[in-house]
Chemist: 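This is the structure, below, for whatever I ask next.
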Amino acid sequence: MTLNPHPFRVRHPRNLGHVLAVLLPIFIAGFWIPYLSEFPHFDQSITAAVHMHAALLFSFLGLLIIQPLAIRYQAFSSHRILGKLSNALMPFIFVFSVAMLWKEYQEHLAAGATMHAARNAEFLSTAQLLLFGSLYAVAIVAIRRRDVATHMRCMICIALVLLPAGLARTMGYWFHVRQASSQTVCLGLIDAVLLALIAFDRHRRLAARPYILVLLAYIAIEAFWITLGRPV
């Protein structure tokens, strides 16, 4: 039996890139008031590490949108090149994400929070960063095994993990929603989308295991976050 040299042609949803493109205006709105609108005269709290983190986040978001579009228009070599670029960005994304967690932790302490409270306030971001990294690792292993279905589902889940970084900020800065409430809305939306994706795959008799596992991970994260008192 001859292997299909381009398995994406038959297994990849044609409009995934267009759907993921919805994230872009959400992130622009979320980062507009505290960051993008200040260019080039930023507040002193916007350090070089913040600039790097923002640049890496938007770069990864762009790659997340463009890669499925490359498949959609059969630009498979471009997709592979962009995939290698994503792999190169990941270590830097992690380093600067951890730097942002540390910066926020220090800001909580400077505002008078105890070490315990400051640590709890970073729980949700830390948990989602670990989930992000785990999903990316599984996605890379899957594509190397030519398991396109698992790879695609992991990348969709990564998009959901990124969603609060834009949507929670948009709700807070534009609609003055408290951070705990905006994060709760984001988590509820993620759960709802995962349930819809599971139902959709089961209706088509496809394996929905990645969505199920991520939903279970989110339920565990949410339960623990609630027991902590929804700290942010």
Side-chain angles (χ1 to χ4, degrees), residues 20 22-24 26-27 29-31 34-35 49-50 52-65 86 89-108 117-140 150-151 153-173 177-198 210-232:
L20 294 179
V22 174
L23 290 172
L24 189 57
I26 292 174
F27 270 74
F31 281 82
Y35 186 73
V50 174
M52 284 297 301
H53 177 67
L56 289 165
L57 179 61
F58 275 93
S59 296
F60 185 82
L61 181 63
L63 291 170
L64 194 66
I65 295 167
S86 296
L89 288 179
M90 283 305 296
F92 297 100
I93 290 172
F94 261 86
V95 167
F96 283 98
S97 293
V98 171
M100 291 303 97
L101 291 174
W102 179 253
K103 179 177 181 292
E104 291 173 1
Y105 173 75
Q106 293 295 326
E107 288 173 349
H108 285 301
R119 186 170 58 248
N120 286 351
E122 299 308 314
F123 165 76
L124 195 56
S125 295
T126 303
Q128 291 188 100
L129 178 60
L130 292 174
L131 183 57
F132 172 82
S134 299
L135 282 166
Y136 194 83
V138 173
I140 295 305
T150 297
H151 175 80
R153 284 164 177 77
C154 286
M155 298 310 291
I156 291 172
C157 289
I158 284 173
L160 291 175
V161 173
L162 291 177
L163 177 64
L167 184 57
R169 283 184 172 91
T170 299
M171 295 173 65
Y173 286 108
V177 178
R178 293 178 58 189
Q179 195 173 356
S181 299
S182 64
Q183 291 290 348
T184 301
V185 170
C186 289
L187 292 172
L189 179 58
I190 290 170
D191 290 349
V193 172
L194 286 169
L195 286 170
L197 290 170
I198 291 167
Y211 298 143
I212 294 171
L213 292 176
V214 173
L215 177 61
L216 292 174
Y218 262 107
I219 290 172
I221 290 169
E222 291 156 6
F224 193 74
W225 184 56
I226 291 171
T227 62
L228 290 175
R230 298 194 305 162
V232 289

Chemist: Atom CE in Met155, atom CG in Leu20: separation rounded to 0.5 Å?
Modeler: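 Separation between the atoms: 9.0 Å.
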Chemist: Please report the shortest heavy-atom distance between Arg169 and Gly30, naming the atom on each side.
Modeler: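 Heavy atoms only, the tightest pair is CB-O, 3.4 Å.
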Chemist: Would Val161 and Tyr218 count as a side chain to side chain contact (heavy atoms under 4.5 Å, CB included) here? Give the steps.
Modeler: CA-CA 10 Å; Val161 173; Tyr218 262 107; 3.4 Å; yes
Chemist: Enter the distance from Leu167:CG to Cys186:SG here, rounded to the nearest 0.5 Å.
Modeler: 4.0 Å
Chemist: In Å, rounded to the nearest 0.5 Å, how long is the span from OG1 of Thr126 to CG of Leu101?
Modeler: 4.5 Å
Chemist: Using side chain to side chain contact (heavy atoms under 4.5 Å, CB included), reason through Val50 and Lys103 one step at a time and then give a plain yes or no.
Modeler: CA-CA 9 Å; Val50 174; Lys103 179 177 181 292; 3.8 Å; yes
Chemist: What are the two closest non-hydrogen atoms of Asn120 and Pro231, and how far apart are they?
Modeler: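 So the minimum-distance heavy-atom pair works out to O-CG, 3.3 Å.
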Chemist: Taking the side chain as every heavy atom from C-beta outward, state whether Gln183 and Arg230 have any pair of such atoms under 4.5 Å apart.
Modeler: no
Chemist: For the residue pair Phe94 and Gly133, what are the closest heavy atoms and their distance?
Modeler: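 Heavy atoms only, the tightest pair is CZ-CA, 3.2 Å.
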Chemist: Determine yes or no for a side-chain-to-main-chain donor-acceptor pair under 3.5 angstrom, with Ser182 supplying the side chain and Val177 the backbone.
Modeler: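 It does not hold such a pair.
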Chemist: Which of parallel (below 30°), tilted (30 to 60°) and perpendicular (above 60°) describes Phe132 and Phe60?
Modeler: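 Perpendicular.
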Chemist: Taking all heavy atoms of Ala180 and all of Thr184, pick out the closest pair and write down the distance.
Modeler: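 In this case the closest contact between Ala180 and Thr184 is O-OG1, 2.7 Å.
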Chemist: How long is the gap from CG on Leu163 to CG on Leu187, to the nearest 0.5 Å?
Modeler: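 That separation rounds to 9.5 Å.
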Chemist: State, to 0.1 Å, how close Ala49 and Phe96 come at their nearest heavy-atom pair, and which atoms those are.
Modeler: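 Taking Ala49 first and Phe96 second, the nearest heavy atoms are O-CD2, 3.8 Å.
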Chemist: Quick check for you: to the nearest 0.5 Å, what is the distance between His151 atom NE2 and Ile156 atom CD1?
Modeler: 10.0 Å
Chemist: Would Leu197 and Leu215 satisfy side chain to side chain contact (heavy atoms under 4.5 Å, CB included), going step by step from the backbone distance to the final call?
Modeler: CA-CA 10 Å; Leu197 290 170; Leu215 177 61; over 6 Å; no
Chemist: State whether the number of non-hydrogen atoms from other residues, nucleotides or ligands found under 6.0 Å of Tyr173 atom OH is greater than 12.
Modeler: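 For Tyr173, atom OH is not crowded (no more than 12 foreign heavy atoms under 6.0 Å).
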Chemist: Taking the side chain as every heavy atom from C-beta outward, state whether Trp225 and Val232 have any atom pair closer than 4.5 Å.
Modeler: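 Side chain of Trp225 against side chain of Val232, heavy atoms only: contact under 4.5 Å found.
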Chemist: Take Leu57 and Leu162, measure what side chain to side chain contact (heavy atoms under 4.5 Å, CB included) needs, and give me the verdict at the end.
Modeler: CA-CA 9 Å; Leu57 179 61; Leu162 291 177; 4.1 Å; yes
Chemist: Inspect the surroundings of CZ in Phe92 and state if more than 12 heavy atoms from other residues, nucleotides or ligands are less than 6.0 Å away.
Modeler: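 No.
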Chemist: Any side-chain heavy atom of Ile190 within less than 4.5 Å of one from Val214?
Modeler: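 Answer no - side chains too far apart.
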Chemist: Quick one: sort the Phe31 and Phe58 rings into parallel, tilted or perpendicular, breaks at 30° and 60°.
Modeler: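 Ring orientation of Phe31 relative to Phe58: perpendicular.
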Chemist: Taking atom CD1 of Ile198 and atom OH of Tyr211, what is their separation to the nearest 0.5 Å?
Modeler: 9.5 Å
